[in-house]
Amino acid sequence: MLPDAVERLNVLVEGHRIASIGAPDSARADEVIDANGLHLLPGLIDDQVHFREPGLTHKEDLHFATRACAKGGVTSFLEMPNTKPTTTTLQALDAKLAIAAQKCHVNYGFYVGATPNNLEVLQAATRTPGIKIFIGSSTGDLLVDAQPALERIFAETTLPICAHCEDETTVQANAARLNGGSEVSDHSLIRDHKAALIATKRSVELAERHRHRFHVLHVSTAEEVEFLRGTSDLITAEACPHHLFFNVDDYARLGTLIQMNPSVKTSADNEAVWRGLLDGTLEVVATDHAPHTLEEKRQPYPKSPSGLPAVENYLALLLNEVNRGRCTLSQIAAWTSAAPARIWNIQEKGQIREGYDADLVLVDLNKTQTILNENQLTKCGWSPWHGETLSGWPIRTWVMGRTVFADGKVIDGVRGEEIRYCRVNT
Ligand code: DOR
């Protein structure tokens, strides 16, 4: 898989780099892997995950989560700041990077979280892809809703910004009207279409007025996709598997397992989010992997927390759509690797290209396998796709030239590296 093309070629890896790409039989190597009938993709860069370390490691941790990444073909991740402590100081960011160096089986990066008063941290942070703002609260207590604080962040920082866009005032008013909600379907009435659209419009307006690079996370509604069609080049946006594959009709079957923020919406919204991807309005597919234990998830709504795990099945879910004719391998490589690398200014990743890091995943479009809770590597040990049979699976993954997953097993002992960013003015 080269950028924009599927070709039959040899890829020669030396050390952690792709040394050359040439005609079949063009290269000699110590080890030769016959990929006849298979496809090699650039390793996935999941730019939205919650790996819970430090502080919430009964749900997930960097060891378990990154084994799940290796199995799922995810060779790099960018993690969100709603851990305990939150990643809202330089010390917390450095501490996370230090733990990651010890524990991660794939490459790692961590966003710095915005609070109403940590502007100097957002200005000083360098070992980070960018700033995460919760414009609307979700799991944890990170929230920046007041206009003056938001104005300052967009005006006085230079790192790219991404945001969780659900309008807090609308969510609170809906919750009050429904007495907090009593069944999980109320979740989509509380975190409704209007809440998503208001916050997305508000943050895009801020970004465009301050000429700031801005990425809209987890777009869930047709209205947001429509609005994003008319925005400037400063704005990019993404979709998540749960907003592509689940909708309110699935609450009857899956209940609080698919309770997410932003909430799942209707089947028409699923279709609109797909259309947004296919026409280029949305450029990234990322998971928002947000594990909670089954015990936590099985509490009655609204006590049940929002979030579901996805990193280990996300590529397979997309490959299954290639087999169904909905999208192509080139589109998957663009949405899951080239686009996040470009948007977050990641150095030498995101493409199968000479000189780039050898973060690669070999996939078998003919392999059929059923997702089962008992086979999940994520520490929370369940998947909302339990029982689903998919065609098209990753079968081997390399991180920086070294195999981390093969023959159905994670190869422990390989460590990922800290992602490097090109610093450009935003
Ligand atoms: O449903 C969600 N869960 N959405 C988020 O934005 C956060 C996440 C979590 O951390 O559990």
Side-chain angles (χ1 to χ4, degrees), residues 46-62 65 77-88 96 110-111 113-114 131-145 161-168 171 175 181 184 186-188 190-192 195-196 199-200 203 215-221 224 237-248 250-251 254-265 284 286-299 301-311 314 378-380 382-384:
D46 188 348
D47 78 0
Q48 191 189 175
V49 300
H50 302 265
F51 283 170
R52 311 298 194 206
E53 184 160 0
L56 298 159
T57 51
H58 67 288
K59 301 176 199 270
E60 186 69 289
D61 67 25
L62 290 172
F77 69 84
L78 302 177
E79 206 249 4
M80 290 298 166
N82 59 337
T83 41
K84 274 192 179 166
T86 54
T87 324
T88 50
K96 254 193 189 180
F110 299 96
Y111 293 97
I131 297 166
K132 164 74 181 280
I133 312 179
F134 283 87
I135 302 180
S137 55
S138 186
T139 305
D141 49 17
L142 282 177
L143 174 66
V144 186
D145 186 35
I161 297 176
C162 62
H164 179 115
C165 298
E166 285 184 293
D167 181 57
E168 191 64 14
V171 169
V184 68
D186 290 342
H187 195 64
S188 295
I190 292 173
R191 292 178 176 267
D192 64 357
T200 293
S203 43
H215 185 65
V216 184
L217 299 165
H218 41 44
V219 171
S220 62
T221 67
E224 287 169 284
E238 81 185 31
C240 295
H242 45 280
H243 296 130
L244 295 168
F245 296 110
F246 293 133
N247 60 61
V248 288
D250 296 307
Y251 281 134
L254 294 165
T256 54
L257 294 185
I258 56 163
Q259 178 190 329
M260 282 298 290
N261 303 336
S263 64
V264 298
K265 306 290 190 310
V284 173
T287 61
D288 197 7
H289 178 91
H292 300 282
T293 66
L294 264 184
E295 205 183 353
E296 291 165 338
K297 288 294 272 184
R298 284 188 176 138
Q299 295 171 94
Y301 187 81
K303 271 186 128 184
S304 46
S306 296
L308 56 81
V311 282
Y314 131 73
T378 167
K379 194 169 186 181
C380 73
W382 62 277
S383 166

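Every number for a ligand or one of its atoms is a count from 1 in the order of the listing.
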Novice: May I ask you to list the atoms of ligand 1 that are less than 4.0 angstrom from any heavy atom of His292?
Specialist: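 Ligand 1 atoms under the 4.0 Å threshold to His292: 11 (O).
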Novice: Any donor-acceptor pair under 3.5 Å linking the side-chain atoms of Asn261 with those of His218?
Specialist: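 No pair is found: no donor N or O on one side chain lies under 3.5 Å from an acceptor on the other.
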Novice: Without hydrogens or angle criteria, can the side chains of His58 and Glu296 be said to hold a donor-acceptor pair below 3.5 Å?
Specialist: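 There is such a pair (donor and acceptor under 3.5 Å, judged by atom type) between the side chains of His58 and Glu296.
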Novice: Any idea which protein heavy atom is nearest atom 5 (C) of ligand 1, and the distance to it?
Specialist: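 For this ligand atom, the closest protein heavy atom is Ser138 OG, 2.9 Å.
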Novice: Which residues pass the ring pair (Phe, Tyr, Trp, His ring centres under 6.0 Å) test with His50, not counting sequence neighbours?
Specialist: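 His50 satisfies ring pair (Phe, Tyr, Trp, His ring centres under 6.0 Å) with no other residue.
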Novice: Please work out, at 4.0 Å between heavy atoms, whether the side chain, the backbone, both, or neither of Arg52 comes within that distance of ligand 1.
Specialist: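 Side chain only.
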Novice: State whether the shortest distance between N or O atoms of Gln259 and N or O atoms of ligand 1 falls below 3.5 angstrom.
Specialist: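 No, since none of the N or O atoms of Gln259 sits under 3.5 Å from an N or O of ligand 1.
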Novice: Of the non-hydrogen atoms in Ile135 and Leu143, which two are nearest, and what is the gap between them?
Specialist: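 Taking every non-hydrogen atom into account, C-CD1, 4.3 Å.
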Novice: Identify the protein heavy atom lying closest to atom 3 (N) of ligand 1, giving its residue, its atom name and the separation to 0.1 Å.
Specialist: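 The answer is Ser306 O, 3.0 Å.
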Novice: To check your reading of the model: name the closest protein heavy atom to atom 9 (C) of ligand 1, its residue, and the distance in Å.
Specialist: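 So the nearest neighbour among protein heavy atoms is Thr139 OG1, 3.1 Å.
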Novice: Where's the contact between Met80 and ligand 1, heavy-atom distance under 4.0 Å: side chain, backbone, both or neither?
Specialist: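 The answer is neither; Met80 stays 4.0 Å or more away.
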Novice: Would you mind reporting whether Phe77 and Val311 have side-chain heavy atoms less than 4.5 Å apart?
Specialist: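 Answer no - side chains too far apart.
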Novice: Would you kindly specify which portion of Asn82 sits under 4.0 Å from ligand 1, judged on non-hydrogen atoms: side chain, backbone, both or neither?
Specialist: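 For Asn82, only side-chain atoms sit under 4.0 Å from ligand 1.
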Novice: With no hydrogens and no angle check, just 3.5 Å: does a side-chain donor-acceptor pair link Lys265 and Ser220?
Specialist: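 A pair is found: one side chain offers a donor N or O, the other an acceptor, under 3.5 Å apart.
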Novice: Which of the numbered atoms in ligand 1 are below 4.0 angstrom from a heavy atom of Ala290?
Specialist: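 Within the 4.0 Å cut-off of Ala290, ligand 1 contributes 3 (N), 8 (C), 9 (C), 11 (O).
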Novice: Checking side chain to side chain donor-acceptor pair (under 3.5 Å) against Ser306, which of His292, Lys297, Gln259 comes through?
Specialist: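 That would be Gln259.
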Novice: Closest non-hydrogen protein atom to atom 4 (N) of ligand 1, residue and atom name please, with distance?
Specialist: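 Its nearest protein heavy-atom neighbour is Asn261 O, 2.8 Å.
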Novice: Give the atoms of ligand 1, by number and element, whose distance to some non-hydrogen atom of His164 is under 4.0 Å.
Specialist: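 With His164 as reference, the close atoms of ligand 1 come out as 6 (O).
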Novice: Can you list the residues that meet the salt bridge (charged side-chain N to carboxylate O under 4.0 Å, His left out) rule with Glu79, with sequence neighbours excluded?
Specialist: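 Result, salt bridge (charged side-chain N to carboxylate O under 4.0 Å, His left out) vs Glu79: Lys96.
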Novice: For Met260, take its heavy atoms, then give the atoms of ligand 1 lying under 4.0 Å from any of them.
Specialist: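 Here the atoms of ligand 1 in question are 1 (O).
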